[in-house]
Amino acid sequence: MTEAVQQRHFIQQIIDADIESGKWGTPGDRSVITTRFPPEPNGYLHIGHAKAIHISHGLAREYGGTFILRFDDTNPAAEEVEFVDSIKHDIEWLGTHWDGEVRFASDYFGQMYDWAVELIEKGLAYVDESTPEQIREMRGKIETPGVDSPFRDRPISESLDLFAQMKDGKIENGKMVLRAKIDMASSNMNLRDPVMYRVVNAPHHRTGTQWSIYPMYDWAHGLEDSIEGVTNSLCSLEFEDHRPLYDWFIDAINQGRSDDEKIHHPQQTEFSRLAISYTNMSKRYMRQLVQENHVDGWDDPRMITLASFRRRGYTPKSIEDFVTGVGVTKFNAMMDIGRLEGALRDDLNKRAPRRMAVLDPIKLVITNWADGGDDDRVEMMDAINNPEDDSAGTRAIPFGKELWIEREDFMIDPPKKFFRLGVGREVRLRCGYWVKCHDFKQDLDGNITEVHCTYDPDTRGGNNPPPDEEGKVRKVKGTIHWVYAHDCIDAEVRMFDRLYKAEKPGKATGNHLDDLNENSLEILKNCKLERSFLTKTPDEPDWADGIRRFQFERTGYFCIDQDSTQSDLVFNRTATLRDSWAKQR
RNA sequence: AGGGGAUUGGUGUAACGGUAGCACGAAGGUUUCUGAUACCUUUAGUAAGAGUUCAAAUCUCUUAUCCCCUACCA
């Protein structure tokens with residue numbers, strides 16, 4: 001009961017059993033396990049892909065097997081080289097390593113063609129000259145059987161000849177397809193004589209104009225897996241209906257072959273894809289957001305592409321931790337977006353150096369600053385770099401008569417539970433001094449412009465003052481952050497909120513744009529920050545991706561955006577800190 | 001003539017015929033120079049019904065609900 005029993009998800013259990021039974025060769029040989037991640041290079045990777053990568057890669061590593069990265073580039077119309085590079089970059093950023101060279105489905109076009117010819121010769125495939133519309137009609141409806149194409153029983157030699165013409169670019173787009181001869185009455189639509197090849201007279205990003213025909217997913221995918229020796233071909237739930245076809249094609253090739261001529265038959269297994277509240281995993285939706293300028297490109301930090309998470313300051317570890325927590329099941333689960341933010345905070349809490357930054361500044365003037373000496377003097381304070389990491393040490397920050405503090409840390413008429421500044425209230429300036437407010441100034445519109453305080457010289461460093469004669473120590477309820485007004489830098493800070501305001505975007509009206517959060521981006525241009533941001537300091541970790549991340553004390557986690565210049569920094573808010581005060585209000 | 005999957009606290013996930021557990025959340029509390037973090041306590045569940053069995057989340061049947069399938073996309 002108490003001993004930790006290792007929990008095995010359903011795919012691990014399948015693999016365990018297959019290894020024991022010797023399904024892949026020698027019983028007990030774990031190193032044969034081979035998995036793959038097969039992206040189509042037609043867009044950016046998103047966090048759903050991170051889950052798929054994590055599962056397939058994790059399995060390969062766990063069993064000491066092989067993990068393959070293969071681009072499924074079977075459709076020249078949609079694919080571009082640019083995406084190949086971005087996908088590789090994103091996978092590497094995650095910290096995932098593939099074994100051997102990157103593979104391309106297009107490398108196997110010749111082999112696939114030969115196998116297709118074999119199927120025609122066996123009477124298992126035929127060239128159909130029906131129009132796309134006719135094919136659709138003949139396929140029938142879900143509840144009713146389809147009808148056979150008039151070309152279904154044409155002579156094998158005729159199909160062979162026509163297929164060669166298709167390959168040689170002698171046929172126009174859309175005029176002919178190669179179809180598998182299976183069952184037009186199947187209750188599984190995928191088995192109603194699926195198309196194996198279509199004519200596409202368009203250049204391919206790798207094979208150029210070599211081919212005029214391109215294989216369809218169902219025909220190609222299992223063959224790619226087979227060629228590479230993939231044992232476990234993992235995909236998402238919507239491919240369950242395709243598995244009979246996946247198996248049919250490999251069986252068709254193997255039909256009539258002796259055992260040692262048979263090609264390898266991988267096992268396809270499906271798991272549920274990732275869904276996260278307040279987001280949408282649809283590539284189509286994402287493309288629309290970019291093309292219609294609802295966001296600023298594929299790496300807009302509000303998107304859920306890996307590129308956008310990177311730019312926003314998410315760490316690979318936080319994404320890894322999140323997808324690990326999702327689990328591997330066949331249940332269509334909806335993950336709470338808070339889980340992802342929580343994983344981020346867990347990681348950054350431990351690693352991010354603390355800094356002071358005032359996002360919406362008002363001036364604080366210490367009216368009795370001269371009590372401690374020269375009224376112009378600047379004192380250097382030791383500030384803790386990371387309370388979670390003693391080795392991070394401290395840094396010196398300037399403190400003087402005039403400071404910037406956060407507008408929301410002062411109230412004219414504060415409620416009792418407001419542990420910050422108001423007239424007559426005392427707070428600790430973090431790593432500075434204790435100050436007590438006695439006055440404030442407003443402009444004509446009633447906006448606070450200055451807060452006037454006295455400081456207690458006995459609280460240097462933010463420490464408690466010495467006890468009084470009765471041995472009692474004065475206490476303070478709140479601590480606020482600040483920066484010295486005459487030695488700080490201005491910066492832009494981009495505050496992001498969730499892109500959609502609905503848990504399931506588009507669910508209510510059918511249009512996800514109706515659920516866009518119009519306040520998902522707020523740009524703050526007058527922020528006051530410690531000068532220490534200007535150059536990387538020794539306490540900052542060496543982030544593998546080179547992105548400098550920080551915790552702004554009391555406000556959240558932030559990173560330096562790529563739009564920054566040497567002197568003008570731009571920050572992205574990665575996540576807020578948890579805020580029980582905000583909840584209480 | 002439809003077919004394929006799924007259903008365990010609010011959420012995610014274990015338990016594979018033998019004590020329904022874990023994590024996150026939420027609520028309360030302790031600590032605290034971040035209303036953060038950390039720590040403690042509490043919270044709440046086998047979709048419904050029937051059957052098999054000494055014993056059912058687990059096996060069988062019925063019902064309900066949700067997801068997927070009718071591209072020359074993947």
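First the proteins, then the strands, lettered A, B, ... as listed; each starts at 1.
- B:rA57 sits 15 Å from B:rU7 when the P atoms are compared, rounded to a whole Å.
- Counting only heavy atoms from C-beta outward, the side chains of A:K504 and A:H512 never approach each other to under 4.5 Å.
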Could you pull out the protein-nucleic contacts involving nucleotides 56-60 of chain B (nitrogen or oxygen on both sides, under 3.5 Å)?
none

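- With a cut-off of 3.5 Å on both Watson-Crick or G-U wobble distances, the partner of B:rG25 is given as B:rU43.
- Rounded to an integer number of Å, the gap from A:F331 CZ to B:rG45 C1' is 13 Å.
- Atom C1' of B:rU63 sits at a distance of 46 Å from the matching atom of B:rG29, rounded to the whole Å.
- Straight-line distance between the P atoms of B:rU8 and B:rG51: roughly 24 Å, to the nearest whole Å.
- Using N1 to N3 plus N6-O4 or O6-N4 for Watson-Crick, or N1-O2 and O6-N3 for G-U wobble, each under 3.5 Å, B:rU19 pairs with nothing.
- Using Watson-Crick or G-U wobble geometry with both donor-acceptor distances under 3.5 Å, B:rU30 finds its partner in B:rA38.
- In this structure, of B:rC72, B:rG2, B:rU13, it is B:rG2 that holds the atom nearest to the side chain of A:S187.
- In a base pair of the Watson-Crick type (N1 to N3 plus N6-O4 or O6-N4) or a G-U wobble (N1-O2 and O6-N3), with each distance short of 3.5 Å, B:rA64 is matched with B:rU7.
- When the C1' atom is used for both B:rG2 and B:rU70, the distance is 11 Å, rounded to whole Å.
- Once the 5.5 Å centre distance and the 30° plane angle are applied, the aromatic ring of A:Y217 is found not to be stacked with the base of B:rA74.
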Please produce a list of atom pairs where a protein N or O lies less than 3.5 Å from an N or O of nucleotides 22-27 of chain B.
from	atom 1	to	atom 2	distance (Å)
B:rA26	OP1	A:K583	NZ	2.8
B:rA26	OP2	A:R578	NH2	3.2

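- Here the side chain of A:D241 is nearest to one of B:rU70, B:rG4, B:rA74, namely B:rG4.
- Nucleotide B:rU52 forms a pair with no other nucleotide shown, judged by Watson-Crick or G-U wobble geometry with both contacts under 3.5 Å.
- Backbone-only contact: A:N75 has heavy atoms under 4.0 Å from sugar-phosphate atoms and none from a base.
- For A:Q551 against B:rU34, a side-chain N or O and a base N or O form a donor-acceptor pair under 3.5 Å.
- Distance CH2 (A:W219) to P (B:rA71): 22 Å, rounded to an integer number of Å.
- Taking every side-chain heavy atom of A:K330 into account, B:rA6 is the closest of B:rA6, B:rG35, B:rU70.
- Computed from coordinates, the A:F10 CZ to B:rU8 C1' distance equals 17 Å when rounded to whole Å.
- The side-chain tip of A:R355 does not point at the ring of A:F550 from less than 6.0 angstrom away and within 45° of straight on.
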